[in-house]
Amino acid sequence: MLQCIFLLSDSGEVILEKQLTGHSVDRSICAWFWEQAISQGDSFKQQPVIASPTHYIFQVYREGITFLACTQVEMPPLMGIEFLCRVANILNDYLGGLNEDLIKDNFVIVYELLDEMIDNGFPLTTEPNILREMIAPPNIVNKVLSVVTGSSSNVSETLPGATASCVPWRASDVKYSKNEVFVDLVEEMDAIINRDGALVKCEIYGEVQVNCHISGLPDLTLSFANPSILDDVRFHPCVRFKPWESHQILSFVPPDGQFKLMSYRKVKLQNTPIYVKPQLTSDEGTCRFSVLVGIRNNPGKTIDSVTVEFQLPPCILSTDLTSNHGTVNIFANKMCSWSIGRIPKDKSPSLSGTFVLEDGLKRLHVFPTLQGFRALTRAGEFEVRS
């Protein structure tokens with residue numbers, strides 16, 4: 001049972017406080033948390049469950065906002081963490097983003113959502129589609145009506161029919177003139193490659209995102225060509241677990257509209273779709289630098305929106321870099337950004353040039369780490385150590 005929820009800014013300010021039970025939790029718990037976060041650094045903020053002198057604290061960090069939940073009783077820790085993740089996702093969906101100003105500008109809706117999502121410390125309604133029927137998302141029309149009528153409530157006077165249904169994530173009277181469903185497979189790959197070109201770490205985080213516009217109460221089935229490669233699968237509540245457990249088939253009654261059907265991870269991959277080969281030599285105060293980017297084992301699909309970034313060490317006074325493809329920018333903080341765009345099939349993009357070191361320094365002893373990004377498919381972060 002959760003007793004209280006706090007939202008903190010990056011400066012430690014309490015943006016929002018929601019007491020969930022008759023036992024009030026003092027704000028001093030937030031001061032204790034922030035003191036520990038400052039003294040212990042990032043390692044403290046990465047702990048999802050923390051034992052304070054008086055409470056157990058669950059924390060989730062999203063877009064500069066720290067979500068805290070407190071309890072003094074024994075409870076499944078994953079329930080507290082998952083609930084905070086649901087709160088963050090719902091607020092992000094409702095407000096069109098997640099930051100301190102948006103929360104302060106929509107205090108009423110945030111409190112109304114929390115009132116419906118949790119009851120006396122226990123999670124209640126966390127499905128986005130049901131919440132949208134109960135509480136209207138903020139928009140210009142609603143704000144004008146609240147000013148004209150003097151009413152600030154966005155809560156519907158009628159209870160959604162799906163709340164009493166065996167499939168509470170979907171309304172029973174959904175109707176469309178055209179039935180269609182769209183399925184997107186979105187994967188994010190993170191990789192670390194050492195200076196010898198060997199793959200140190202490579203893993204994929206994937207999501208199956210569905211946009212469903214089907215009338216009535218459809219029952220859908222989705223199968224994969226090779227489901228055995230998927231690890232750490234996590235499903236939307238609409239997925240029946242037994243068909244997956246026995247035949248690795250997704251059987252489900254979908255929510256209406258957009259939702260995440262499942263997520264998964266794949267670890268210990270042997271290769272990456274692109275390669276990045278840096279070379280760096282330094283002597284007599286000058287460094288010669290080059291980096292080559294290309295497609296490994298042509299997948300048959302174009303790879304675009306590629307960007308390579310690396311931080312120049314403070315000891316570098318000036319640079320002279322050119323590329324045979326894309327554009328190169330060096331910012332005031334000495335961050336170098338090479339925007340490649342689409343990788344051509346007939347040549348490998350390359351970047352080369354020289355660095356001039358500060359006086360008295362003959363060789364470069366701190367080597368930059370290259371990071372590569374592919375925006376359209378959320379390719380994640382490729383870290384290449386030169």
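Quantities reported herein were computed from a predicted structural model and do not represent experimental measurements.
With rounding to the nearest 0.5 Å, the separation of CD in Gln59 from CG in Leu8 is 9.5 Å.
The closest side-chain donor-acceptor pair between Gln3 and Tyr56, if any, does not fall under 3.5 angstrom. Side chains of Tyr61 and Glu63: no donor on one and acceptor on the other come within 3.5 Å. A donor-acceptor contact closer than 3.5 angstrom links the side chains of Asn179 and Ser215.
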task = Go through the steps for Leu280 and Arg288 under the test side chain to side chain contact (heavy atoms under 4.5 Å, CB included), then give the verdict.
result = CA-CA 6 Å; Leu280 180 66; Arg288 288 168 291 281; over 6 Å; no
query = Is there a side chain to side chain contact (heavy atoms under 4.5 Å, CB included) between His325 and Val293 once you walk through the steps?
reply = CA-CA 10 Å; His325 188 85; Val293 178; over 6 Å; no
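If you chain together hydrophobic residues whose side chains sit under 4.5 Å apart, Val87 and Ile50 never meet in one group. Under the 4.5 Å side-chain contact rule for hydrophobic residues, Met79 and Ile90 share a cluster.
Note: His236 and Phe252 fail the aromatic proximity criterion, with ring centroids not under 6.0 Å apart.
Ring-plane geometry between Phe310 and Phe355 is classed as tilted, the angle between the planes lying from 30 to 60 degrees on a 0 to 90 degree scale. Ring geometry, Phe235 versus Trp244: the interplanar angle exceeds 60°, so the pair is classed perpendicular (tilted spans 30 to 60°). The aromatic rings of His55 and His23 are tilted relative to each other, their planes meeting at an angle between 30° and 60°.
A donor-acceptor contact shorter than 3.5 Å links the side chain of Asp26 to the backbone of Ser28. When atom types are taken as modelled, the side chain of Glu116 and the backbone of Leu131 share no donor-acceptor pair closer than 3.5 angstrom. A donor-acceptor pair is defined here as one N or O able to donate and one able to accept, closer than 3.5 Å; no such pair exists between the side chain of Tyr111 and the backbone of Leu16. No side-chain donor-acceptor contact under 3.5 Å links Asp119 to the backbone of Phe122. With hydrogens and angles ignored, the 3.5 Å screen pairs a side-chain donor or acceptor of Thr71 with a backbone N or O of Met1. Judged by distance alone, with hydrogens and angles left aside, the side-chain atoms of Arg170 form a donor-acceptor pair with the main-chain N or O of Pro254 at under 3.5 Å. With hydrogens and angles ignored, the 3.5 Å screen pairs no side-chain donor or acceptor of Ser282 with any backbone N or O of Thr286. A distance-only check finds no donor-acceptor pair linking the side chain of Thr319 to the backbone of Leu321 [under 3.5 Å]. With hydrogens and angles disregarded, a donor-acceptor distance shorter than 3.5 Å links the side chain of Tyr94 to the backbone of Arg132.
The number of heavy atoms from other shown groups lying within 6.0 Å of NZ (Lys260) is above 12.
Comment: Glu188 does not engage Arg265 in a salt bridge, judged by the lack of any side-chain N to carboxylate O separation of less than 4.0 angstrom. A salt bridge is defined here as a Lys NZ or Arg NE, NH1 or NH2 lying under 4.0 Å from an Asp or Glu carboxylate O, and Lys18 with Asp115 meets this definition. Salt bridge annotation for Asp93-Arg86: absent, with no cationic side-chain nitrogen under 4.0 angstrom from a carboxylate oxygen. Ion pairing between Lys266 and Asp232 fails under the 4.0 Å rule for side-chain N and carboxylate O. Comment: Arg234 engages Glu82 in a salt bridge, judged by a side-chain N to carboxylate O separation of less than 4.0 angstrom.
Of the residues listed (Leu91, Asn106, Val108), the one engaging Leu113 in a side-chain contact (heavy atoms from CB on, under 4.5 Å) is Leu91, and it is the only one. Paired with Val308 under the rule side-chain contact (heavy atoms from CB on, under 4.5 Å), one option of Val328, Ile340, Leu351 passes, and it is Ile340.
Within the 4.5 Å cutoff, the side chain of Val239 has no heavy atoms near those of the Phe241 side chain. In this structure the side chain of Phe331 never reaches within 4.5 angstrom of the side chain of Lys334, judged on heavy atoms. You'll find the side chain of Val291 stays beyond 4.5 Å of the side chain of Ser350, heavy atoms only.
Lys277 forms a cation-pi arrangement with Tyr275, by the criterion of a distance under 6.0 Å to the ring centre and an angle within 45° of the ring axis.
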